[in-house]
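We name chains A, B, ... by the order of the sequence lines, and we start the count at 1 in each one.
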2 protein chains.
Amino acid sequence: MTAKTMARFKIATYNVNSIRSRLHIILSWLEENRPDVFCMQETKVADARFPADAFTVAGYHVVFRGMKQYNGVAIASLEKPENVTYGLGGEADDADEDRLIAAVYSGVPVINTYVPQGRNRENPQFAYKLQWYARFREYLVQKWSSDAPLVWCGDLNVAPEQIDVHDPKRLLGHVCFNPEVWDAFDRVKSWGLEDLFRKHHPGEVECYTFFDYRVPRSVERKLGWRIDHILSTPALAAHCDSCNIDMNPRMAEKPSDHTILVAEFTI
Amino acid sequence: MTAKTMARFKIATYNVNSIRSRLHIILSWLEENRPDVFCMQETKVADARFPADAFTVAGYHVVFRGMKQYNGVAIASLEKPENVTYGLGGEADDADEDRLIAAVYSGVPVINTYVPQGRNRENPQFAYKLQWYARFREYLVQKWSSDAPLVWCGDLNVAPEQIDVHDPKRLLGHVCFNPEVWDAFDRVKSWGLEDLFRKHHPGEVECYTFFDYRVPRSVERKLGWRIDHILSTPALAAHCDSCNIDMNPRMAEKPSDHTILVAEFTI
DNA sequence: GTCCGTCGAG
DNA sequence: CTCGACGGAC
């Protein structure tokens, strides 16, 4: 690859906790950072009410899928997306179409997901979460190739390592910090995906992407979780220059409980 | 009175429709206009949650009374208020303490009220509204003197004249544009109160202080009502230099359905 | 339309 | 703590 054909590719992921409430934060961040691809989760809005115009005005394409009240995913992009798909496939009412949106940008497939949180270990939603990772692995096997560039990102509702939560002893067993979830997540990664944040920050502590609203002053006290992630196939991971947490949205007038995670590539 | 002892006195009234939602509008208006007395209605917040600190920071004293959800009145002032009282008196649970707050500023009593709206003519709240004006007249008789300076202001939920609504034919009979309400309101005025806006703008049309949220583009189409008022005893009315409607809050990012009404005196 | 309270969710 | 949904009020 010559210098002439090399290009920068910037991708970011953000659990917006309502796109309507967070629209100002999103637009000002896009304006300042101009990512090529911006993945959002928990948009919490039905498609008919999605604020698509605001993205158009900002110079972004946007694709989205949401039912009212819960879940909802969207991707904004400078380039027009190709091959946009929704959900894991299978039965329409079981496909979780408001939890997964995939599209191809500059030839790179981007899969943006909002993985079920699981509520608590006794709740059927927890079994559903474990099953979801398994179904997602099967979706990767059936639909995509681990030999080619591919990005998986979003709110994956798993803190993969001991250093990814502020109190691993107390939190062990939580639905986002749990041996069964780690196994299910590892099974997905074994398809061929690498955690880009850890690739660039091995062993680095107190790096979190989520701070529970219910914990007073959680940001200042560093009481967070690293549950939002950007992973890629090895073919693309080799070209990843950086992966960083942007705390800015947490400092805004109307912060969400999540940060923005950003990865940059030279491709 | 010599020029040396003369002073300007500016008083304003604003139905805020939730003081928490409208705090930014209120503070920026106070900063720009620096009224001596600023009366608010429909604060919609219990006393324990009233944002008093924000007024202190802005250089204002503030007194208030509200129950949660409905009603609620407050007065912000540059000078410290004297003799602050709440409600019409009588039985505590019937005194409407969250609809009337009175205090004395530079020797001038200011009575700030949120008069019951009345819902509809068949609703018991309508009889209660009519009774409220009668009780308010009795309150004036018992407690105050019409020979001395005194201000009555607030959301009085009455458009007194034909020109005070955009469609007098269609709206005739509405709980805020109604012969029984006019009579009750006139009985109060007969105690000794003058409508300061009309004093300075006799016969002027299309002057409104309220624009129903449910009427599309009501401001642009001038589909309003003049139901917020500042009245005073003759002793003070003689010193009133102006009384004007400030539409600015209706143009803010988060407009309320009411404007601000401002009166200026030289005393 | 825009408030509030209440509720379920995270 | 903050979100959306809902129902009541204006």
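- Residue V215(A) is the one, among V215(A) and S18(A), whose nearest nucleotide of DNA chain D lies closer to the 5' end (criterion: closest heavy atom).
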How does protein contact run along nucleotides 5-10 of chain D, one letter per nucleotide 5' to 3', with B for base contact, S for sugar-phosphate only, - for none, heavy atoms under 4.0 Å? SS--SB

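- Taking only side-chain nitrogens and oxygens, S21(B) comes nearer than 4.0 Å to OP1 or OP2 of dC4(C).
- When rounded to the nearest whole Å, the span between CG of N15(B) and P of dC4(C) equals 13 Å.
- Across the protein-nucleic acid pair, F177(A) atom CZ and dG10(C) atom C1' stand 19 Å apart, rounded to whole Å.
- For the pair R217(B) CZ and dT2(C) P, the interatomic distance rounds to 15 Å; values are reported in whole Å.
- Here dC3(C) presents its C1' atom at 14 Å from CG of D155(B), a figure rounded to the nearest Å.
- In this pair, Y208(B) and F211(B) present their aromatic rings perpendicular. The plane angle is above 60°, beyond the 30 to 60° band.
- The nearest whole Å value for the distance from the NE2 atom in H258(A) to the C1' atom in dA9(C) is 13 Å.
- Taking the six-membered ring where the residue is Trp, the centroids of Y139(A) and F136(A) are separated by under 6.0 Å.
- For the residue pair S256(A) / Y14(A), a side-chain donor-acceptor distance below 3.5 Å is found, with atom types taken as modelled.
- Considering only residues two or more places apart in sequence or on other chains, A127(A) meets the side-chain contact (heavy atoms from CB on, under 4.5 Å) condition with none of them.
- Partners of S21(A) according to the side-chain contact (heavy atoms from CB on, under 4.5 Å) rule, which considers only residues two or more places apart in sequence or in another chain, are S18(A), K254(A).
- Rounded to a whole Å, the CD atom of E220(B) is 14 Å from the C1' atom of dG1(C).
- In this structure, the CD atom of Q41(A) is 16 Å from the P atom of dG4(D), given to the nearest Å.
- Note on ring orientation: taking the six-membered ring where Trp is involved, the planes of H166(B) and W225(B) are perpendicular (angle over 60°, cut-offs 30° and 60°).
- Distance F211(A) CZ to dT2(D) P: 15 Å, rounded to the nearest Å.
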